[in-house]
Amino acid sequence: MEAGRERRSSRWWWVVAPAAVLVLVALCLRAPFAAVGPLLGELSDELGLSTGGLSVVTALPLVCFALVSPFAPALAARFGVHGAVLLGVVLIAVGILLRVAGAPGLVAGTVLLSGGIAVGNVLLPAVARAEYGARAAVVLGLITAAMSGSAAVGAGLARPLSAAAGGPTAGLVLWGVLVLAAVLAMALLTRARRGAPRPDDAPSGARTAILRDRVALAVTLYFGFQSLSFYAMLTWLADVLEAEAGVSSVAAGGLLAVATGLAVPLALVVPGLAGRRPGQQAWVLAGALPAIAAIVGLLGAPAAAPLLWATLYGIGSGIAFPLSMMLIVARSRDVAQTGRLSATAQSVGYLLAATGPLGVGLLHDATGAWGPGLGLMLAAVVLQLVVGWAAARPRLLSPAA
């Protein structure tokens, strides 16, 4: 009887362990650059960069996501999905360490760690599907919750870590401890799965076919517009609240942490609940309407209820992001197609998203006001609603995609 309990316990561990590793990796996919937004003022003083220059730095991760994402399926075909994710986490660790080398190190390190994050962004859904098959939606919820929680922790701890480390760049390097733990855990999982079949690299015809597929296009644009809205919020919400609502810098960072932190519980429930029905139009509405209300509030009466505006924005983005990840899995037919759709959605989507932080920053530099940038964010959420309605229809990609 004791032996039976031990066998059940061992089986349970081998079921849970891969999910735990993937969650740990997901924790590394947001905090290293989410921590930059609250430190923009300090980084400007330390490195002598203007608001426009810092806007470029904050847009770099999204541009790198767009450029690197198409190569992730090829890496999975070469090293396996587990090995490719391990490579991505190693790149994140190296990029974080480079940030100590002043402004050039900040730029180079951001580019390198962003490339590693791009690989993880694309392939974690494929790894979850490879590990758990039809039960992947639950694990995907855990992964997206960890990514959202990582963004919240990165934003909330940015200033305390900067103070503890003696400066903003040193504070950013402290995230390397978490990443090194993820490297070790992912290395162990990769070794345990070294005999697993590797997905075939898609021929060039399949890569272009997925871009012509209407379902893939709708999912890609939904991913892009929700990402534009989220990263614009992550980068500039604290500054908007300081300037327009009159809150202190510490309070603004706290409100940003609240907004991003709300995504954690939402990510745990949205994929599973949304996946129970063939279509997800109601969830698309739930992800857009609170964000629209928040931006309208920031435009019309920012000082009236800054906590409410931050909370509404957090609820909207907290629903939209896990929904976009869930749609990548739900609209694809197998692991290989999941990887291709994820690569396409994140490549095109993040290139679109990069215009958010950069556009808001440049509009502020040009006008001296936050209203035009908030208008850009509002337009993005409205477009997110439109394309999301199409992506939420219960259809699969064509077999040729």
Side-chain angles (χ1 to χ4, degrees), residues 22-40 57-66 68-69 85 88-89 91-93 95-96 99 109-125 140-159 161 171-183 186 223 226-238 253 256-268 270 313-314 317-325 342 346 349-350 353-354 356-357:
L22 298 183
V23 167
L24 181 58
V25 172
L27 287 172
C28 303
L29 302 185
R30 291 295 179 269
F33 65 87
V36 173
L39 298 177
L40 289 176
V57 172
T58 58
L60 270 177
L62 302 179
V63 174
C64 291
F65 294 168
V68 175
S69 293
V85 170
V89 183
L91 290 175
I92 297 171
I96 287 176
R99 283 176 153 179
T110 298
V111 169
L112 195 59
L113 72 87
S114 299
I117 290 172
V119 175
N121 283 339
V122 171
L123 294 180
L124 276 185
L140 190 62
L142 294 172
I143 290 170
T144 53
M147 293 167 73
S148 301
S150 174
V153 172
L157 292 183
R159 290 184 181 275
L161 287 178
L172 292 174
V173 173
L174 291 180
W175 293 105
V177 176
L178 174 67
V179 178
L180 289 176
V183 169
M186 194 65 212
F223 186 94
Q226 68 83 24
S227 295
L228 190 160
S229 174
F230 172 77
Y231 287 107
M233 175 193 75
L234 188 66
T235 303
W236 297 115
L237 181 61
L256 177 60
V258 168
T260 52
L262 286 168
V264 177
L266 289 169
L268 289 172
V270 168
Y313 212 140
S317 63
I319 292 173
F321 173 58
L323 181 62
S324 70
M325 298 290 283
S342 184
Q346 298 196 45
Y350 279 126

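Since the model is a prediction, treat every value here as computed from it, not as a measurement.
Pairing each heavy atom of L228 with each of A353, the nearest pair is N-CB, 3.5 Å. Here the closest non-hydrogen pair linking S342 and P125 is OG-CG, 4.3 Å. Closest heavy-atom contact between G115 and C64: N-CB, 4.4 Å. Contact record, I92 with G116: CG1-C, 3.8 Å, taken as the closest heavy-atom pair. Residues G314 and L266 come closest through the heavy atom pair O-CD1, 4.3 Å.
Atom CG of L268 and atom OG1 of T144 lie 7.0 Å apart (nearest 0.5 Å). To the nearest 0.5 angstrom, S317 atom OG is 8.0 Å from L262 atom CG. Distance check: L112 CG to I117 CD1 gives 10.0 Å after rounding to the nearest 0.5 Å. Note that CZ of R30 and CH2 of W175 are 14.0 Å apart. Values are rounded to the nearest 0.5 Å. A distance of 11.0 Å separates CG of N121 from CD1 of I143, quoted to the nearest 0.5 Å. A distance of 8.0 Å separates CG in L180 from CD1 in I96, rounded to the nearest 0.5 Å.
Remark: T110 engages no residue in a side chain to side chain donor-acceptor pair (under 3.5 Å) (not counting sequence neighbours).
Ring pair F223/Y350 is perpendicular by interplanar angle, where above 60° counts as perpendicular and below 30° as parallel.
In this structure, S150 contributes its side chain and A146 its backbone to no donor-acceptor pair below 3.5 Å. Listed for the S229 side chain is no donor-acceptor partner under 3.5 Å among the backbone atoms of Q226.
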Exercise answer: donor-acceptor pairs, residues 22-29 side-chain atoms, under 3.5 Å, sequence neighbours excluded:
none

